[in-house]
Amino acid sequence: MREYWSIWKEAVTRALVEAYPETRGELIRETLVIETPPEIEKGDIAFPMFPFARVLKKSPAQIAAAVAGKMEDACPSTDDGAPAGRAVAIGPYVNVFLDRVAVADTVVNRVLAQEALYGNSGDLADRRVVVEFSCPNTNKPLHLGHLRNDALGESVVRMLRAAGAVVRPVNLINDRGIHICKSMLAYREFSEGSTPEKEGKKPDHFVGDYYVRYAQWEKENPEVEERARRLLQLWEQGDPEVHELWLTMNRWAIEGIEETYRRTGISFEKVYYESETYKQGREEILKGVEAGVFYRDEKGTVWVDLTDIDLDKKVLLRADGTSLYLTQDVGTAIMRHQDWPFDQLIYVVASEQRYHFQVLFEVLRRLGFSWAENLHHLAYGMVNLPQGKMKSREGTVVDADDLIDTLAELALQEIRRKGRDETGDESPRRAEQIALGALHYYLLQTGPVKDMIFNPEESLSFTGNTGPYLQYVGARVSSMLRKQAAPERVSAPGELVAEEWLLIHRVASYPRVVSEAASALNPSILAGHLYETAKAFSRFYHDHPIAVADDPKVRDFRLGLSRAVMHVMQHGLELLNIPFLEAM
RNA sequence: GCGCCCAUAGCUCAGCUGGAUAGAGCAUCGGCCUUCUAAGCCGAGGGUCGGAGGUUCGAGUCCUCUUGGGCGCGCCA
């Protein structure tokens with residue numbers, strides 16, 4: 001659809017210059033904006049003339065009338081598939097009424113020809129992008145916060161790929177530190193050598209239980225914290241027994257977490273482990289000291305002074321030479337660029353860490369890495385529950401697996417209640433897919449920057465602006481097309497009903513929306529458009545016969561349009577990591 | 001105390017680089033299944049866009065101030 005808009009923009013520009021030679025072409029190109037009229041009765045494309053009023057010393061309405069007049073004999077033709085139409089002055093606007101039949105024909109046939117590729121673009125062709133997300137700890141299972149992170153990260157990866165980028169999703173597993181030692185200590189103390197297998201427990205939950213156990217233990221015996229610290233020291237010294245236990249418990253945790261990734265459709269091309277990277281960065285910082293971008297104080301501590309850009313002073317290396325979180329991140333960023341030279345690196349991390357990333361990026365810049373300009377922190381807000389904040393200490397954290405189990409169970413009940421379980425065995429599987437659809441859509445419908453309230457009951461609602469609604473619309477199209485296949489090529493009938501045109505308009509703008517969402521790193525833009533499309537289809541489907549239309553020409557075109565809608569839904573849901581269902 | 005982010009209908013959220021009468025969903029009320037899946041469709045009510053100034057032909061959108069909320073400001077990660 002963008003093509004049509006640009007074509008018309010050119011036409012309006014030409015008309016403006018013709019009517020008012022004193023306006024220069026380039027000037028117009030910058031000030032002429034393309035809009036959509038508020039009501040479909042006012043046309044399909046709008047060009048406001050306000051900006052030219054002052055320079056031309058004429059009212060916007062006068063200008064609009066003059067421009068529309070010039071365009072009467074100079075409209076774009078349909079020669080190369082571009083739609084004709086007419087330009088009309090409506091008050092201060094020059095509005096374009098497209099030749100709907102021509103557009104309908106072009107758009108539907110384009111989708112039918114491109115099939116699953118419709119929506120892809122070359123906007124970011126050959127751009128190499130690393131996306132880091134998830135980044136779990138190995139002392140406990142994933143929780144609701146990770147689910148938002150994962151949903152965002154995975155969707156951004158998929159959208160960037162659709163825009164033509166070469167994307168490398170990476171994970172950084174935090175498998176070392178005091179928190180793991182706490183789980184280990186409690187395990188040693190209370191487990192009597194039990195294993196996840198013996199207890200038939202998901203292994204990350206098994207490990208997490210000991211972390212919870214530790215927390216209770218420490219509450220009554222504060223002195224155990226000292227023991228945990230000692231365990232960390234032993235680990236750092238490479239104590240074989242400690243190392244072995246550490247390996248075992250990490251394996252359990254990671255095994256369980258990976259199971260959740262598989263369940264939720266998350267995957268990575270490369271997994272980094274902090275135990276392997278935490279010493280990185282030291283050398284680079286020392287180089288920075290030599291180069292004079294960092295400095296040492298009397299005690300030997302290395303600092304970076306960022307007061308000139310209002311970021312204060314930060315420690316980069318302790319006096320004993322050991323690293324910090326920030327130092328590690330400097331190291332891993334450099335390592336990643338060596339592993340796989342990227343054009344852009346996106347960190348999907350909660351917005352609490354904004355400051356951290358500002359400092360990190362600046363440090364890398366001062367170390368002279370040109371690619372530091374292309375580092376990006378995709379910050380997202382917190383997820384809270386209707387009853388308040390999640391506190392790990394108070395046990396109000398929502399476990400990821402439990403949540404999905406609950407959603408799936410409720411979906412299953414709904415399937416049975418509605419008598420949609422004729423297929424029998426399929427039902428639990430379908431319930432799981434609906435649960436994932438509900439969850440991912442709920443998490444992605446809100447823009448990343450905002451804090452959000454996760455309302456489990458609302459997410460489970462199967463009506464309205466939800467994942468299951470989109471899945472349902474997809475299932476209905478699929479079901480219809482199973483009964484009556486769409487032709488491979490269509491030709492639009494002489495007349496289109498309003499609901500049909502609205503739907504075509506959505507389908508036509510889909511690729512542009514994907515590009516927009518990808519470049520904004522914001523899946524909610526896509527989610528909103530898919531919902532609009534689904535709604536437009538529902539209405540069309542409700543109001544007009546498609547497969548059962550009397551006129552074969554109308555029927556074929558509508559089937560083709562429906563198939564186009566199906567392709568859009570499949571493509572879009574895939575980008576949001578929401579399962580497309582053939583039947584529901 | 002300093003810094004960053006957020007504030008739109010009762011609730012949860014949209015609102016594209018400033019543009020025509022601020023939109024959805026939920027909830028409430030009322031319609032629509034002998035026809036392609038009613039997990040659907042249609043309609044109604046509901047708003048001083050937190051507040052005050054300013055810039056502009058035009059501000060929910062930009063600037064300043066202010067109120068309320070969130071998050072940061074460790075030689076923690």
Side-chain angles (χ1 to χ4, degrees), chain A residues 33-39 42 46 48-51 53-54 59-60 90-93 95 135 137 174 176-179 274 278 297 299 301-303 310-312 314-320 322-329 350-356 358 379 381-382 384 386 389 411 414-415 417-418 420 434 442 445-447 449-455 457-459 461-466 468-469 471-473 475-484 512-513 516 520 524-525 527-529 531-532 535 538-549 555 558-559 562 583-584:
Chain A
V33 297
I34 307 174
E35 287 174 11
T36 309
E39 298 129 29
K42 287 189 173 139
M49 292 295 118
F50 299 102
R54 188 197 294 203
S59 80
I90 299 181
Y93 292 85
N95 285 4
C135 304
N137 292 337
N174 183 4
R176 65 167 285 278
I178 191 77
H179 47 283
E274 220 168 82
Y278 80 106
D297 66 11
K299 286 187 276 182
T301 304
V302 177
W303 293 80
D310 294 324
L311 287 178
D312 220 330
K314 296 292 289 185
V315 172
L316 295 175
L317 283 178
R318 295 189 184 95
D320 64 6
T322 55
S323 323
L324 286 101
Y325 176 46
L326 189 62
T327 323
Q328 275 180 51
D329 270 5
S351 45
E352 311 158 359
Q353 299 200 34
R354 278 202 150 98
Y355 178 68
H356 168 76
Q358 281 177 4
M382 310 206 316
N384 290 314
K389 294 171 47 172
E414 190 73 1
I415 287 170
R417 205 169 62 75
K418 294 228 154 85
R420 291 176 183 271
I434 291 170
Y442 196 93
Q445 64 167 339
T446 302
V449 293
K450 298 208 179 186
D451 288 348
M452 68 180 291
I453 293 176
F454 183 82
N455 187 330
E457 295 191 2
E458 200 177 292
S459 89
S461 152
F462 295 95
T463 58
N465 190 359
T466 65
Y469 173 75
Q471 290 175 313
Y472 175 63
V473 171
R476 277 207 296 192
V477 187
S478 306
S479 158
M480 185 181 68
L481 291 170
R482 263 197 305 277
K483 289 177 185 162
Q484 179 70 59
R512 182 180 54 88
V513 171
E516 240 181 74
S524 76
I525 296 172
H529 186 266
Y531 175 66
E532 298 284 321
K535 220 168 55 156
S538 287
R539 179 146 197 186
F540 174 54
Y541 177 90
H542 179 271
D543 292 354
H544 304 283
I546 299 173
V548 293
R555 188 196 59 209
R558 288 181 176 173
L559 282 167
S562 301
M584 249 175 109

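Both backbone and side-chain heavy atoms feed into the values below; hydrogens, waters and symmetry mates do not. Lettering follows sequence order; numbering is per chain, from 1.
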Self-check item: Listed nucleotide nearest any side-chain atom of A/Arg354, set B/C4, B/A38, B/C13
Solution: B/C4

Exercise. Remember a base hit wins even if backbone is also touched, and classify A/Pro51 as base, sugar-phosphate or nothing at under 4.0 Å, heavy atoms.
Key: base

Exercise. Tell me what A/Ala583 touches on the nucleic acid: a base, only sugar-phosphate, or nothing, going by heavy atoms under 4.0 Å.
Key: base

Self-check item: Interatomic distance, A/Gln358 CD vs B/C5 P [rounded to whole Å]
Solution: 9 Å

Practice problem: Could you tell me whether A/Glu274 contacts a base, only the sugar-phosphate backbone, or nothing, with contacts defined as non-hydrogen atoms closer than 4.0 Å? | Solution: sugar-phosphate

Exercise. Would you check if A/Phe50 stacks with the base of B/G19, given a 5.5 Å centroid limit and a 30° plane limit, both strict?
Key: yes

Quiz item: Just checking A/Pro545: base, sugar-phosphate only, or nothing, at a heavy-atom cut-off of under 4.0 Å?
Solution: base

Quiz item: Closer than 4.0 Å, any side-chain N/O of A/Lys314 to the OP1 or OP2 of B/G74?
Solution: no

Quiz item: Just how far, in rounded Å, is C1' of B/G18 from CD1 of A/Ile34?
Solution: 16 Å

Quiz item: About how many Å separate OG1 of A/Thr301 and CG of A/Leu317, when rounded to the nearest 0.5 Å?
Solution: 9.0 Å

Exercise. Looking at every strand, decide which applies to A/Asn95 at a 4.0 Å heavy-atom threshold: base, sugar-phosphate, or nothing.
Key: base

Exercise. Pick base, sugar-phosphate or nothing for A/Gly447, based on heavy-atom distances below 4.0 Å to the nucleic acid.
Key: sugar-phosphate

Exercise. Report, as yes or no, whether the 6.0 Å neighbourhood of atom CZ on A/Arg482 holds more than 12 heavy atoms from other residues, nucleotides or ligands.
Key: yes

Quiz item: What nucleic acid atoms does A/Thr446 come within less than 4.0 Å of, heavy atoms only: base, sugar-phosphate, or nothing?
Solution: sugar-phosphate

Quiz prompt | Nucleotide nearest A/Tyr472 (side chain, heavy atoms from C-beta), chosen from B/G40, B/C41, B/C36 | solution = B/G40

Quiz item: Ring-on-base stacking between A/Tyr541 and B/C36, under 5.5 Å between centres and under 30° between planes: is it there?
Solution: yes

Practice problem: Determine, answering yes or no, if A/Tyr355 is stacked on B/G3 under the 5.5 Å centre rule and the 30° plane rule. | Solution: no

Quiz item: Using the glycosidic torsion, which applies to B/C33: syn (within 90° of 0) or anti (everything else)?
Solution: syn

Quiz item: Base, sugar-phosphate alone, or nothing: which one does A/Ile546 contact when heavy atoms must sit under 4.0 Å apart?
Solution: base

Quiz item: So does A/Ser479 get a side-chain nitrogen or oxygen closer than 4.0 Å to the phosphate oxygens (OP1/OP2) of B/U37?
Solution: yes

Quiz item: How close or far is atom P of B/G19 from atom NZ of A/Lys42, stated in whole angstroms?
Solution: 16 Å

